[in-house]
Structure formats: C-alpha cells, structure tokens
Amino acid sequence: ALDAAGEACRGDGGAVMDRIGSLIAWTPFLVGGFSLNILIALTATAIGTVAGALLCMMMLSTRRLPQMAARGVCAFFRNIPTLVLVFYLATFIPNQIVVWDQHVIDLPKWISASIAFAASPLGFTAWNLHASILAWRSGHKSEALLFIPNLISGFMITLLASSTSSLVGVNEIVSRCNALIAANGMTNTIPVYMYAALFFVLFCILITSLAKFVKGHIVKRYSGT
C-alpha cells in the first residue's frame, strides 16, 4: 500500500512538472498575446483621451448647447456596458475597407475592441480634465496635475478589461490560453488561467508603482499650490 501511495505521489509530481514545463514552453506565445492586450489598452486610452479632451472643451464652453451635448455623450458612454460596445463594434465595423483602385485594407478585430474600450477613458478624461482645468485656473496646480497619475491608473483598468476582447475573436492572452489548453488536451484549466492572471498582476504592479511615483513627484514639487 505504501509503495502504491508513493507511486501515486510520484505520478502527481510528474504531472505537475509536465504542466509547468508546458507553461514555460508556451510562455513566448502567451507573451505575444499579452502584448496585444497592452496595445489595445494603449490605443483605447489614446482614443478616449483625445475624444474626452474635445468633450471637455465643449463642457468649458460658455454656450449651453455644447455643454449639454458633451454631458449627454459622457452620460451615454458611462451607462452602456463596455462588453456590449465590443460586440456591437465587432459586428458593425467591417474586417476590410476597399479604397481607391480596389485596394483593400484589413482591419483586425483588435481595432474594433480598442474603439469600444475607449469609452471608459473618454468619460474619465472629459470629467476629470474638466475638474483639473478648473483647479488649475483657481491656482491649485498640484490638484490639477493629479490628472496624470489618475490617467495612468485608468489605463490599468482598461488593460484588465481588454481580456474580454477574446469573446469577439481577438487573439490576445486569454484566447491564446484557450489555444494552449486545446493543443495540450488539458482538463484542469485553472493553472493556465492563473498563469495568465500573473501577467496582469505583475504589469499592474509596475503601472501602480509608476502612478504612485508620478503622484508623489507632483505633490512634492507643487505642494502648497
């Protein structure tokens, strides 16, 4: 009985080592998927920041109509689930665009996902930049400049949300985890997804440290203003 138990333990240990070896072997493949998550988050943040800044300018207008229009757009994107936007844009945005002389431009799914995920940074930028500009005009520079580390934190939230883009065919890290599981015939999928989660955790720790550093620098340099 003891020999049988020992064999079982060695068998379990071997299975664990096989899983670890498989994850290590597939790590470059998963890193490639995670880089797409980062690209989606960066693109969405860039789009949302530019569009949000334009809405902020409208909110600062002295005319009532632009103010109401900007607030209405912000309210719309704040109240519609991001996942719904992802599905709608993945459906309505074509995969290819035909331009002059029948030239075809391919539009990968990650572009549609990026546009959908831009809704969050759009609303964030519109409201927070508006408050920051008012604070700057009032002479509260440190309070106004906190918009920058807050924007970095917002990027982190968008990065975490980008994992849902696998549902519309984007070949990011979660999609590649599914490919890994299927290729290896794994029945226990938890270690694979936990390994993928580790990518997000480590990267978010880095981003959080960056945001804290920028915030501390702003507070230290502009304290009292």
Side-chain angles (χ1 to χ4, degrees), residues 1-45 47-48 80-96 106-121 152-211:
L2 291 175
D3 290 340
E7 288 295 331
C9 290
R10 285 193 290 272
D12 291 341
V16 171
M17 294 305 297
D18 287 342
R19 293 192 190 99
I20 294 174
S22 179
L23 289 175
I24 293 173
W26 284 75
T27 294
F29 179 70
L30 296 178
V31 169
F34 187 63
S35 65
L36 189 55
N37 288 92
I38 296 174
L39 178 61
I40 291 172
L42 286 172
T43 305
T45 302
I47 295 172
I80 186 170
T82 302
L83 192 57
V84 173
L85 281 176
V86 171
F87 275 108
Y88 271 106
L89 291 176
T91 302
F92 289 111
I93 295 180
N95 295 325
Q96 293 180 331
D106 293 325
L107 292 178
K109 289 290 186 181
W110 70 265
I111 293 180
S112 303
S114 298
I115 296 174
F117 288 121
S120 176
I152 297 174
S153 299
F155 162 77
M156 181 176 63
I157 295 173
T158 304
L159 175 66
L160 295 174
S162 70
S163 60
T164 60
S165 59
S166 61
L167 298 175
V168 292
V170 179
N171 193 26
E172 45 74 68
I173 190 170
V174 174
S175 177
R176 296 194 181 199
C177 283
N178 295 333
L180 186 161
I181 292 167
N184 289 275
M186 294 180 175
T187 55
N188 185 7
T189 61
I190 294 177
V192 178
Y193 292 121
M194 288 183 65
Y195 187 55
L198 185 62
F199 284 77
F200 287 95
V201 170
L202 294 177
F203 192 81
C204 286
I205 290 175
L206 177 63
I207 295 299
T208 301
S209 300
L210 176 61

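This one's a predicted model, so the numbers in the text were calculated from it and none came from an experiment. What you see below is based on every heavy atom in this structure, not just the backbone, and it leaves out hydrogens, waters and symmetry mates.
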(request) Evaluate side-chain contact (heavy atoms from CB on, under 4.5 Å) for V31 paired with F199, printing each intermediate quantity in order. (result) CA-CA 8 Å; V31 169; F199 284 77; 3.5 Å; yes

(request) Quick one: list whatever passes side chain to side chain donor-acceptor pair (under 3.5 Å) with Y193, sequence neighbours left out. (result) N178

Go through the structure and list residues passing side chain to side chain contact (heavy atoms under 4.5 Å, CB included) with [X], not counting sequence neighbours.
{"X": "A196", "value": "I173, C177"}
{"X": "I152", "value": "I207, L210, A211, V214"}
{"X": "V201", "value": "I205"}

Shortest non-hydrogen contact between [X] and [Y], atoms and distance:
{"X": "L85", "Y": "A119", "value": "CD1-CB, 3.6 Å"}
{"X": "A44", "Y": "T158", "value": "CB-CG2, 3.9 Å"}
{"X": "S166", "Y": "E172", "value": "CB-OE2, 2.9 Å"}

Side chains of residues 23-30: which donor-acceptor partners sit under 3.5 Å, not counting sequence neighbours?
from: T27; atom 1: OG1; to: L23; atom 2: O; distance (Å): 2.7
from: T27; atom 1: OG1; to: I24; atom 2: O; distance (Å): 3.3
from: T27; atom 1: OG1; to: Y195; atom 2: OH; distance (Å): 2.7

(request) Quick one: pull up CG in L167 and NZ in K109 and give me the separation to the nearest 0.5 Å. (result) 12.5 Å

(request) Measure the OG-CZ distance between S162 and F117 for me, rounded to the nearest 0.5 Å. (result) 6.0 Å

(request) Might you work through the side-chain contact (heavy atoms from CB on, under 4.5 Å) test for N37 and F203, ending with a clear yes or no? (result) CA-CA 11 Å; N37 288 92; F203 192 81; over 6 Å; no

(message) Is any side-chain heavy atom of C204 closer than 4.5 Å to one of L160?
(response) yes

(request) Would you indicate whether the side-chain heavy atoms of L39 and L36 approach each other to under 4.5 Å? (result) yes

(message) Assess the residue pair V168 and S112 against the criterion (side-chain contact (heavy atoms from CB on, under 4.5 Å)); give the C-alpha distance rounded to whole Å, side-chain angles, the decisive distance to 0.1 Å, and a yes or no.
(response) CA-CA 9 Å; V168 292; S112 303; over 6 Å; no

Show me the donor-acceptor pairs, under 3.5 Å and distance only, between side chains in residues 179-188 and residues at least two apart or in other chains.
from: N184; atom 1: OD1; to: S22; atom 2: OG; distance (Å): 3.4
from: N184; atom 1: ND2; to: L180; atom 2: O; distance (Å): 2.8
from: N188; atom 1: OD1; to: I190; atom 2: N; distance (Å): 3.4

